[in-house]
Amino acid sequence: MYRSIGCGEIGSTHAGKEVMMSGWVFRSRDHGGLIFCDLRDRTGAAQLVFSPDYGEKTIHKMAHQLRAEYVITVKGDVRIRPEGTENPGIPTGSVEVYVKELEILNKCEPLPFQLDQDVDIAEANRLKYRYLDLRRPEMLKNIVTRHKTCKAVRDYLDREGFLEIETPVLTKSTPEGARDYLVPSRMTPGCFYALPQSPQLFKQLLMVGGMERYYQIVRCFRDEDLRADRQPEFTQIDMEMSFVGVDDIINLVEGLVKKVFKEIRSEELPTPFERLPYSDAMERFGNDKPDMRFQLELKDMAGLASKSSFKVFLDALAAGGRVKGLLGKGMAGYSRRETDLLTAEAQSLGAKGLAWIKVKDAFESPILKFFPEDVVRQMAGRLMAAPGDMMLFVADKERVVNDVLSRMRLDIAKKQNLIPTGDKFAWITDFPLFEWNEEDSRFQAIHHPFTSPTEDGIKKIMDGGDLDLSKLKSKAYDLVLNGSEIGGGSIRIHDSELQKKILKLIGMAEEEAEERFGFLLDALKYGAPPHGGLAIGLDRLVMLMTGSQSIRDVIAFPKTQRAACPLSGAPSHVDKKQLRELYIRLNVPDEKPAAE
RNA sequence: GGGGCUGUAGUUCAACUGGUUAGAGCACCGGAUUGUCAAUCCGGAAGUUAGGGAUUCGAGUUCCCUCGGCCCCGCCA
């Protein structure tokens, strides 16, 4: 027996009782006579007292040897701490355990970094010794939050009639989307499995298979470059339902998120969440994942700009571009140097320049002479600019205007402290079905090619005839939280003919469609029910809930920016025999050593 | 592929404009210490300044290359 109670669980109600506890030595304070030692396990920490007058002499002697992270078991008596020695800083601070038996279960070498201090350790080091990093209360908290989130999700979806079903990890590479991770087949020389970017096709097949409600907390893989919120393997809460429309899915997911936030954060989210058509999001915020916690909306300035003689604005409009404005709340005091910096930033984001007008007692701007005063006043009115503010304008192609201003909107909000605490969810709906891909000179699906167009779009597509692909809308929706996309989904196509047509529209020849997705097209012929679903990025969700700066902080064993694992050393060379069995010969261009 | 930041004892940091033997806190080792809670006090050991090259009388500091880490753009349906 190692323990009768967790270190973090003792309190005044246990006073006088004998307890057994096991854990790690967090800190010890050796006074020669009395030795205090904080013992930590997953439940928390408690103060042990070793006294020369208590228990056997050998115990006290042994206690001198204790060092950080030794693993020990103790038996002792809980006592209320003497008055004045309580520690209000920890939950168990009203009591302490007088130790009468001590066993050192395992020693610990001097640590590569200290766990008991509040200093930032280089992340490379943390990852190399992740098993030590995980002992830090901060990391424990994140991992627990992640677990609780999964638990809440499972409870909720179970009650809603969902079945948790596993889908293959060794599956088929499909084009479109991210780069696949490939796994060579030994049985079929020259062929490869792909790790799933998501279980998309399988969950649709489960619907055809009559499962009606499916979910899975599932690992997905994308071989793309990493970011603070992106890992090559990440986890989705993946769901799919039959006989549903957009509203059904949105309602269900709102219920799910509400429950998670209530259980994990004790936060009562108001539902329904605000819904914003994609076109509105772009118009008002400049991107499709707006942070709705604060205002600062982008405003169209075309009408007013055309009343000016400012060539930059007029030229942009003449070329079919846009002029939009943004409120620089409280930024009238910006120096020339600071406005130059803003301009440089706008330029780095693709704009040719940035126009600004400061609002003080009078307006102040190098471009003021091009604008009649009443026009400037109206512009200020549109942006609700008050004295002390600055107005910012970008004129360019719509895409550039939105890119630049949406980015500045976030920067300004951060810099000017305009972001209130609290969480703001929103749905972005009515996405376009396709977007033009410059590189490949073809249209591609914005969501994925299995996304259903809207009803009138379906009619147009099935009728044949002339189609403006850029105008078609889809039944896709994204879930956005505080400016991060944390989920997305759609109603799917459940008609084989429509699916074939869509694949054709994105430039996929019939034979290729057959080769890539033949199994799906077949399945849709055999009584596929209408269905749709959604996937939530679990890592990102937990990251936001824990306030973590990086997705790595909510993953037990994450990868570095170069997709490597400093702990295990993956990826690594494999021996020649393994490669031979897979019929693989390396062709690495530089002089680096190939496989051993 | 591109832009930016970064690498100094185990660890967190310091070291002026290029100038003596690269310092400090914590950790570690030895000693003292009976109410501490980042205990305290005394002493000690600890460095390929990421690696390589160049400039210089002299390089942690300047320059070049390589390696690693982080942030961003591209990419991520």
Side-chain angles (χ1 to χ4, degrees), chain A residues 26-39 45-54 60 63-64 67-69 79 81-90 92-93 96 98 108-129 132 174-180 197-198 200 220-232 234 345 348-350 403 407 411 431-435 437-440 443-451 474 476 478 485 488-490 502 506 535 537 549-550 552 559-562 564 566 590-592:
Chain A
F26 197 46
R27 274 189 276 263
S28 62
R29 296 170 291 279
D30 187 340
H31 289 236
L34 285 180
I35 300 166
F36 300 99
C37 169
D38 298 329
L39 186 66
Q47 173 163 285
L48 307 179
V49 184
F50 297 92
S51 165
D53 314 322
Y54 205 83
H60 188 258
H64 282 301
R67 294 292 178 274
E69 300 304 305
R79 288 193 188 173
R81 292 199 194 185
E83 202 171 332
T85 67
E86 303 89 348
N87 181 355
I90 60 172
T92 61
E96 56 196 0
Y98 271 72
C108 178
E109 293 189 5
L111 297 162
F113 52 88
Q114 284 169 256
L115 308 184
D116 66 338
Q117 292 212 331
D118 201 17
V119 286
D120 287 335
I121 304 299
E123 194 166 357
N125 222 357
R126 288 176 53 199
L127 292 184
K128 183 171 178 191
Y129 299 97
L132 297 179
T174 55
E176 297 277 312
R179 193 177 295 114
D180 282 323
Q197 295 178 27
S198 85
Q200 183 58 37
C220 301
F221 306 85
R222 294 179 189 174
D223 187 3
E224 296 292 349
D225 287 353
L226 286 73
R227 289 284 188 281
D229 63 351
R230 262 164 38 189
Q231 281 274 302
F234 60 99
E345 196 190 334
S348 80
L349 294 166
D403 278 357
R407 185 59 164 271
D411 290 347
F431 278 82
L433 189 58
F434 299 120
E435 69 186 339
N437 181 322
E438 223 37 91
E439 204 179 315
D440 300 351
F443 278 93
Q444 64 184 26
I446 279 200
H447 189 56
H448 55 53
F450 319 109
T451 300
S474 73
D478 276 359
E485 182 201 328
S490 63
I502 294 281
I506 58 172
Q549 290 305 303
S550 156
R552 296 181 296 278
K559 303 222 171 3
T560 65
Q561 193 161 49
R562 297 185 67 252
D590 56 15
E591 64 285 355
K592 281 180 198 166

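Order of the sequence lines sets the chain letters (A, B, ...), proteins ahead of strands, with each chain counted from 1.
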Seminar exercise, completed: Rounded to whole Å, the CG-P distance (Leu48(A) to G35(B)) equals 18 Å

Problem set entry | d(NZ, Lys559(A); C1', C70(B)) in whole Å | 18 Å

For this session: Ignoring backbone atoms, test whether Arg227(A) places a side-chain nitrogen or oxygen under 4.0 Å from the OP1 or OP2 oxygen of C73(B).
Result: yes

Exercise. Can you find a side chain N or O atom of Arg81(A) that sits less than 4.0 Å from OP1 or OP2 on G35(B)?
Worked result: no

For this session: Could you tell me whether Ile90(A) contacts a base, only the sugar-phosphate backbone, or nothing, with contacts defined as non-hydrogen atoms closer than 4.0 Å?
Result: nothing

For this session: Scan Gln47(A) against the nucleic acid and name what it touches under 4.0 Å (heavy atoms): base, sugar-phosphate only, or nothing.
Result: base

Exercise. Base, sugar-phosphate alone, or nothing: which one does Leu127(A) contact when heavy atoms must sit under 4.0 Å apart?
Worked result: nothing

Exercise. Base, sugar-phosphate, or nothing: which does Asp30(A) touch, judged by heavy atoms less than 4.0 Å apart?
Worked result: base

Problem set entry | No-H, no-angle donor-acceptor pair, Gln117(A) side chain to G25(B) base, under 3.5 Å | no

Exercise. In whole angstrom, what separates Asn87(A)'s CG from C37(B)'s C1'?
Worked result: 6 Å

For this session: Using whole Å, report how far CD of Gln231(A) lies from P of C75(B).
Result: 21 Å

Exercise. Contact class for Glu83(A) vs. all strands (heavy atom < 4.0 Å): base, sugar-phosphate, or nothing?
Worked result: nothing

For this session: Scan Ser198(A) against the nucleic acid and name what it touches under 4.0 Å (heavy atoms): base, sugar-phosphate only, or nothing.
Result: base

Exercise. Between U36(B) and Arg29(A), is there an OP1 or OP2 to side-chain N/O distance shorter than 4.0 Å?
Worked result: no

For this session: Measure the distance from CG on Asp229(A) to P on C75(B) and round it to the nearest whole Å.
Result: 16 Å

Exercise. Taking CG from Asp403(A) and P from C72(B), how many angstroms apart are they, rounded to a whole number?
Worked result: 16 Å

Exercise. In Å and rounded to the nearest 0.5 Å, what is the CD to CD distance from Glu86(A) to Glu96(A)?
Worked result: 9.5 Å

Exercise. Using a cut-off of 4.0 Å on non-hydrogen atoms, how would the nucleic acid contact of Pro82(A) be classed: base, sugar-phosphate, or nothing?
Worked result: base

Exercise. So, is Arg179(A) close to the C76(B) phosphate, meaning a side-chain N or O under 4.0 Å from OP1 or OP2?
Worked result: no

For this session: Check every strand shown and say whether Glu485(A) touches a base, only sugar-phosphate, or nothing at a heavy-atom separation below 4.0 Å.
Result: nothing

Exercise. Can a side chain N or O of Asn125(A) be found less than 4.0 Å away from OP1 or OP2 on G69(B)?
Worked result: no

Exercise. What nucleic acid atoms does Pro449(A) come within less than 4.0 Å of, heavy atoms only: base, sugar-phosphate, or nothing?
Worked result: base

Exercise. Hey, does the side-chain of Arg67(A) have a donor or acceptor N/O within less than 3.5 Å of a partner on the base of C29(B)?
Worked result: no

Exercise. If only side-chain N and O atoms of Arg552(A) are considered, is one of them under 4.0 Å from the OP1 or OP2 phosphate oxygen of C71(B)?
Worked result: yes

Exercise. Is the base of C76(B) touched by the side chain of Arg222(A) through a donor-acceptor pair closer than 3.5 angstrom?
Worked result: no

For this session: Name the nucleic acid region contacted by Thr560(A), choosing base, sugar-phosphate or nothing; use a 4.0 angstrom heavy-atom cut-off, strictly under.
Result: sugar-phosphate

For this session: Evaluate the ring planes of His448(A) and Phe450(A), with Trp represented by its six-membered ring, and classify them as parallel (under 30°), tilted (30 to 60°) or perpendicular (over 60°).
Result: tilted

